[in-house]
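A short worksheet on the structure shown next.
In this chain, numbering begins with 1 at the start of the sequence shown. Any value given below was found using the heavy atoms of this structure, including those in side chains, with hydrogens, waters and symmetry copies removed.
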Amino acid sequence: MTTIQTNDGSQYRKPTIMTTAGAVLTGGLIQETASACSGFSSYPLINRMRKLNNPADSTKIGIALQNALNKSGLKDTVEIINFKSEKNYKNILDLLKDSFKKIRTGQSTFSYEYIQSFNNMIKEGFNAGFSPVGNKVLINTEKMGLSGFHEIGHAINFNKSKFWKALHIYNAGKFSLAISGMLALTALLKRPKAEGEQPTGTFDKVTTFIKNNVGKLTFAAALPMVAEEIMASVRGNKLAKELLKPELYEKVVKSNKYGAASYVGMALLLSVGAYAANKVRDAIAHPKQVA
């Protein structure tokens with residue numbers, strides 16, 4: 001059936017398969033661009049976080065992080081793994097350029113560099129992390145020590161609360177990104193309704209609801225991630241205030257604000273990207289009234 005008849009007797013012609021395919025492809029490119037931007041947008045904030053760290057303070061911070069584990073009751077549960085920088089990159093772009101150079105010259109493969117990217121960023125001090133596998137805080141204290149309190153906050157979330165543990169698993173498993181992708185794909189594949197056309201059946205009603213609210217739903221899918229990150233910072237800030245001098249504590253708070261901003265920005269870009277992709281797709285391929 002290539003036509004649609006609405007309750008008021010109007011008739012609409014469905015878009016062709018080729019037009020729909022082009023619309024879905026275009027919308028998908030917009031959504032993928034927004035997703036990529038959500039990752040790259042955090043890099044300037046990471047560089048700012050890194051600049052807050054003074055290597056001269058690394059010993060004090062390292063001791064304070066161990067004391068933070070003691071105060072939180074996790075000294076026998078969580079281990080801090082401290083890395084040393086091998087290349088001393090000035091900024092995160094230099095690290096990425098080096099990875100791309102290895103791929104281009106055949107020294108490495110894209111899949112290997114992609115898998116190693118998270119570890120390399122931690123080792124070179126452009127990120128820090130808490131791994132629930134083995135209960136380990138992974139950090140380069142000299143380059144990113146201030147972030148250690150935030151990571152211990154994640155450790156507290158995971159080990160001290162069933163609710164926050166569930167949210168941490170949701171966060172660590174990148175479920176927000178997976179759900180956002182499924183929501184965007186549903187919206188792109190779903191044909192827009194003609195004026196006055198009503199959804200029929202449960203599946204049609206559910207997919208129509210997703211399509212009409214994809215931006216809001218995408219943002220909602222990211223909220224657990226943002227909430228768990230903020231709670232980790234709240235707990236980390238509390239420990240830092242008790243264990244550090246005021247000037248270092250203020251740096252921890254500032255660093256964690258940059259980190260929180262990166263996750264809020266990611267949530268906003270994903271939701272705006274899904275909304276824009278859906279709108280562009282529908283502008284290209286939509287039912288046209290013929291009678």
Side-chain angles (χ1 to χ4, degrees), residues 1-43 110-111 114 166-167 169-229 261-291:
M1 181 180 176
T2 58
T3 60
I4 306 162
Q5 184 162 333
T6 60
N7 293 334
D8 63 1
S10 300
Q11 288 189 348
Y12 291 81
R13 184 176 66 248
K14 292 181 181 179
T16 65
I17 293 176
M18 290 299 293
T19 301
T20 299
V24 171
L25 179 60
T26 303
L29 288 173
I30 292 172
Q31 195 270 335
E32 285 299 318
T33 300
S35 181
C37 288
S38 71
F40 287 118
S41 67
S42 65
Y43 291 168
F110 176 82
S111 58
Y114 179 79
L167 261 62
I169 292 172
Y170 179 93
N171 189 0
K174 308 297 182 184
F175 286 103
S176 59
L177 296 178
I179 293 172
S180 297
M182 288 188 289
L183 290 169
L185 182 61
T186 299
L188 291 173
L189 294 177
K190 183 71 176 178
R191 172 182 62 78
K193 295 295 183 185
E195 186 71 30
E197 183 186 9
Q198 297 299 318
T200 58
T202 301
F203 181 79
D204 192 22
K205 289 178 180 177
V206 170
T207 52
T208 298
F209 177 80
I210 291 173
K211 182 174 185 63
N212 292 341
N213 299 277
V214 67
K216 296 174 185 176
L217 293 173
T218 299
F219 187 76
L223 283 180
M225 171 189 71
V226 174
E228 200 270 331
E229 290 291 340
S262 71
Y263 284 100
V264 172
M266 181 185 296
L268 289 171
L269 279 170
L270 287 173
S271 57
V272 170
Y275 175 83
N278 185 45
K279 288 296 183 183
V280 170
R281 177 255 185 264
D282 291 353
I284 296 172
H286 57 273
K288 295 182 180 179
Q289 188 170 5
V290 293

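- A distance of 11.0 Å separates OG of Ser271 from CG of Leu183, quoted to the nearest 0.5 Å.
- In terms of heavy atoms, Gly27 sits closest to Ala277 at O-CB, 3.1 Å.
- When atom types are taken as modelled, the side chain of Glu197 and the backbone of Ala194 share a donor-acceptor pair closer than 3.5 angstrom.
- The shortest side-chain heavy-atom distance between Met266 and Ser176 does not fall under the 4.5 Å cut-off.
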Could you go through Thr6 and Glu195, starting from their C-alpha distance and side-chain angles, then the distance that decides it, and tell me whether this counts as side chain to side chain contact (heavy atoms under 4.5 Å, CB included)? CA-CA 8 Å; Thr6 60; Glu195 186 71 30; over 6 Å; no
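- Pro192 places a side-chain heavy atom less than 4.5 Å from the side chain of Lys211.
- In this structure, the side chains of Thr16 and Thr19 come closer than 4.5 Å at one or more pairs of heavy atoms.
- Minimum interatomic distance between Val226 and Ala267 (heavy atoms only, all atoms of both residues): CG2-CB, 4.2 Å.
- For the pairing with Lys193, the side-chain contact (heavy atoms from CB on, under 4.5 Å) check across Asp204, Ile4, Asn212 returns one residue only, Asp204.
- Taken to the nearest 0.5 Å, the CZ atom of Phe175 stands 8.5 Å off from the CD1 atom of Ile169.
- Heavy atoms only, all atoms of each residue included: Pro15 and Pro287 are closest at CD-N, 4.0 Å.
- Residues Ile179 and Tyr170 meet the side-chain proximity criterion, which asks for heavy atoms closer than 4.5 Å.
- Nearest approach of Asn171 to Glu228, heavy atoms of both residues: ND2-OE1, 2.9 Å.
- At a threshold of 4.0 Å, the pair Asp282-Arg191 does not count as salt-bridged, since none of the basic side-chain nitrogens sits closer than that to a carboxylate oxygen.
- Remark: Gln289 CD is packed, more than 12 non-hydrogen atoms of other residues, nucleotides or ligands lying under 6.0 Å away.
- Scanning all heavy atoms of the two residues, the minimum distance from Ala274 to Gln31 falls at CA-CG, 4.5 Å.
- Taking CD from Gln198 and NZ from Lys205, the interatomic distance works out to 9.5 Å, rounded to the nearest 0.5 Å.
- In summary, of the residues considered (Leu270, Val272, Leu268), a side-chain contact (heavy atoms from CB on, under 4.5 Å) with Ser38 occurs for Leu270 alone.
- One finds the NZ atom of Lys174 at 8.0 Å from the CE atom of Met225 (value rounded to the nearest 0.5 Å).
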Take Thr208 and Lys190 through the test side chain to side chain contact (heavy atoms under 4.5 Å, CB included) and record every step on the way to the result. CA-CA 7 Å; Thr208 298; Lys190 183 71 176 178; 3.4 Å; yes
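- Sequence neighbours left out, the pairs with a member in residues 4-43 that pass ring pair (Phe, Tyr, Trp, His ring centres under 6.0 Å) are Phe40-Tyr43.
- Atom CG in Leu25 sits 10.0 Å away from atom CD1 in Ile30 (nearest 0.5 Å).
- Across all their heavy atoms, Leu217 and Ile210 have their closest contact at CD1-CA, 3.7 Å.
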Determine, stepwise, if the pair Arg281 / Thr20 fulfils side chain to side chain contact (heavy atoms under 4.5 Å, CB included). CA-CA 8 Å; Arg281 177 255 185 264; Thr20 299; 3.7 Å; yes
